[in-house]
Amino acid sequence: MAIKSVSPEQAHELIQQGAVYVDVRSEPEFEQGHPPGALNVPIAHLGPSGMTPNPEFLEVMQKAFDKGERLIVGCKAGGRSRRAAEQLEKAGFADISDMAAGWDGSRDAFGRPLAGWSKRPLPIETGAPGGQRYDDVKSRQQG
């Protein structure tokens, strides 16, 4: 099944319909702001020398989510979420949406700016709420 590209408004609507938003940014980025109810599973960790791939990403996702669950992946500007969506699709996840504009925004194929979730009139949650942190997601077992 193809990865769907969705706008922040479409992502918000999907969340209202029961889809799960997976924020693949680093833990500090997640804490600065994310869609309400989002779960944090970083595809890369922020370290002293910059971003380093999270070797547990796919394993954690497979343990925490059913392959048929509706998932939306998002990051800061669309690059990491696209990589995450591609990995999930290859692993057999069937209903993946990529919020390509990201949290801060990105650019379309013509170079025009696309406002991200945080730049639109959508709800925002900050901090690391219980049950949504990376450590919490790592201990989840699919239903």
Side-chain angles (χ1 to χ4, degrees), residues 1-109 113-143:
M1 182 174 247
I3 297 165
K4 297 174 280 298
S5 183
V6 297
S7 70
E9 287 82 6
Q10 289 168 320
H12 183 256
E13 190 174 308
L14 288 168
I15 293 165
Q16 301 305 309
Q17 297 168 5
V20 177
Y21 187 98
V22 179
D23 191 322
V24 299
R25 295 176 300 155
S26 68
E27 292 171 87
E29 289 173 298
F30 177 79
E31 290 177 17
Q32 291 171 6
H34 50 267
L39 302 178
N40 186 213
V41 183
I43 192 165
H45 294 296
L46 188 56
S49 58
M51 298 301 274
T52 57
N54 176 2
E56 299 178 318
F57 174 75
L58 198 52
E59 177 188 335
V60 169
M61 291 297 295
Q62 289 174 319
K63 189 177 116 186
F65 301 101
D66 182 84
K67 294 207 172 161
E69 200 162 351
R70 287 190 309 166
L71 300 176
I72 304 160
V73 290
C75 64
K76 182 176 180 178
R80 286 177 280 176
S81 65
R82 185 71 195 175
R83 284 194 307 279
E86 289 168 355
Q87 284 185 34
L88 294 170
E89 182 185 43
K90 282 182 189 152
F93 283 85
D95 195 348
I96 304 295
S97 295
D98 175 24
M99 192 181 75
W103 182 252
D104 285 347
S106 62
R107 296 194 174 271
D108 69 12
L114 294 171
W117 183 293
S118 68
K119 310 292 189 231
R120 300 184 190 221
L122 293 168
I124 292 174
E125 180 174 70
T126 58
Q132 295 172 236
R133 299 180 306 247
Y134 180 45
D135 283 341
D136 297 326
V137 179
K138 282 200 292 190
S139 63
R140 262 180 74 143
Q141 295 290 325
Q142 56 181 318

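What's counted below: heavy atoms across the whole structure, side chains too, no hydrogens, waters or symmetry copies.
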Look at the side chain of [X] and the backbone N and O of [Y], then say whether any donor-acceptor pair between them is shorter than 3.5 Å.
X    : Y    : value
S106 : A100 : yes
Q10  : S7   : yes
K76  : G102 : no
Q132 : A38  : yes
R70  : Q17  : yes
E29  : S26  : yes
N54  : P42  : yes

Applying side chain to side chain contact (heavy atoms under 4.5 Å, CB included), name anything that partners Q16, two or more places apart in sequence or on another chain. H12
When rounded to the nearest 0.5 angstrom, what is the spacing between [atom1] in [X] and [atom2] in [Y]?
X    : Y    : atom1 : atom2 : answer
E69  : D66  : CD    : CG    : 6.5 Å
F65  : R140 : CZ    : CZ    : 4.5 Å
L114 : D108 : CG    : CG    : 5.0 Å

Provide the closest heavy-atom pair for [X] versus [Y] in the form atom of the first, atom of the second, distance.
X   : Y    : answer
G33 : T126 : CA-CG2, 4.1 Å
A85 : V73  : CB-CG2, 3.8 Å
P8  : M99  : CA-SD, 3.6 Å

Which is it for Y134 and E56 under the side chain to side chain donor-acceptor pair (under 3.5 Å) test, yes or no, and what are the steps along the way? CA-CA 11 Å; Y134 180 45; E56 299 178 318; 3.0 Å; yes
Show your working on side chain to side chain donor-acceptor pair (under 3.5 Å) between D98 and S5 and close with a plain yes or no. CA-CA 5 Å; D98 175 24; S5 183; 5.3 Å; no
Under the criterion side-chain contact (heavy atoms from CB on, under 4.5 Å), which of I43, L88, L39 is the partner of V24? I43
So does [X] pair up with [Y], basic N to acidic O under 4.0 Å?
X   : Y   : value
R25 : D23 : yes
R82 : E86 : yes
D95 : K67 : no

Mind checking ring pair (Phe, Tyr, Trp, His ring centres under 6.0 Å) for F57 and listing every partner two or more places apart, or none if nothing turns up? none
Are R80 and M51 close enough, and set up right, to give a side chain to side chain contact (heavy atoms under 4.5 Å, CB included), and what steps lead you there? CA-CA 11 Å; R80 286 177 280 176; M51 298 301 274; 3.0 Å; yes
Under 3.5 Å, side-chain donor or acceptor atoms of residues 115-124 against the rest of the protein: list the pairs with distances, not counting sequence neighbours.
{"from": "W117", "atom 1": "NE1", "to": "P123", "atom 2": "O", "distance (Å)": "2.8"}
{"from": "S118", "atom 1": "OG", "to": "W103", "atom 2": "O", "distance (Å)": "2.7"}
{"from": "R120", "atom 1": "NE", "to": "A115", "atom 2": "O", "distance (Å)": "2.6"}
{"from": "R120", "atom 1": "NH1", "to": "E9", "atom 2": "OE1", "distance (Å)": "2.5"}
{"from": "R120", "atom 1": "NH1", "to": "E9", "atom 2": "OE2", "distance (Å)": "3.1"}
{"from": "R120", "atom 1": "NH2", "to": "A115", "atom 2": "O", "distance (Å)": "2.7"}

Report the C-alpha distance between L14 and V6 in whole Å, list the side-chain angles of each, state the deciding distance to 0.1 Å, and finish with yes or no for side chain to side chain contact (heavy atoms under 4.5 Å, CB included). CA-CA 9 Å; L14 288 168; V6 297; 4.1 Å; yes
Working note: E27 + H45, criterion side chain to side chain contact (heavy atoms under 4.5 Å, CB included); need CA distance, chi angles, decisive distance, verdict. CA-CA 8 Å; E27 292 171 87; H45 294 296; 4.2 Å; yes
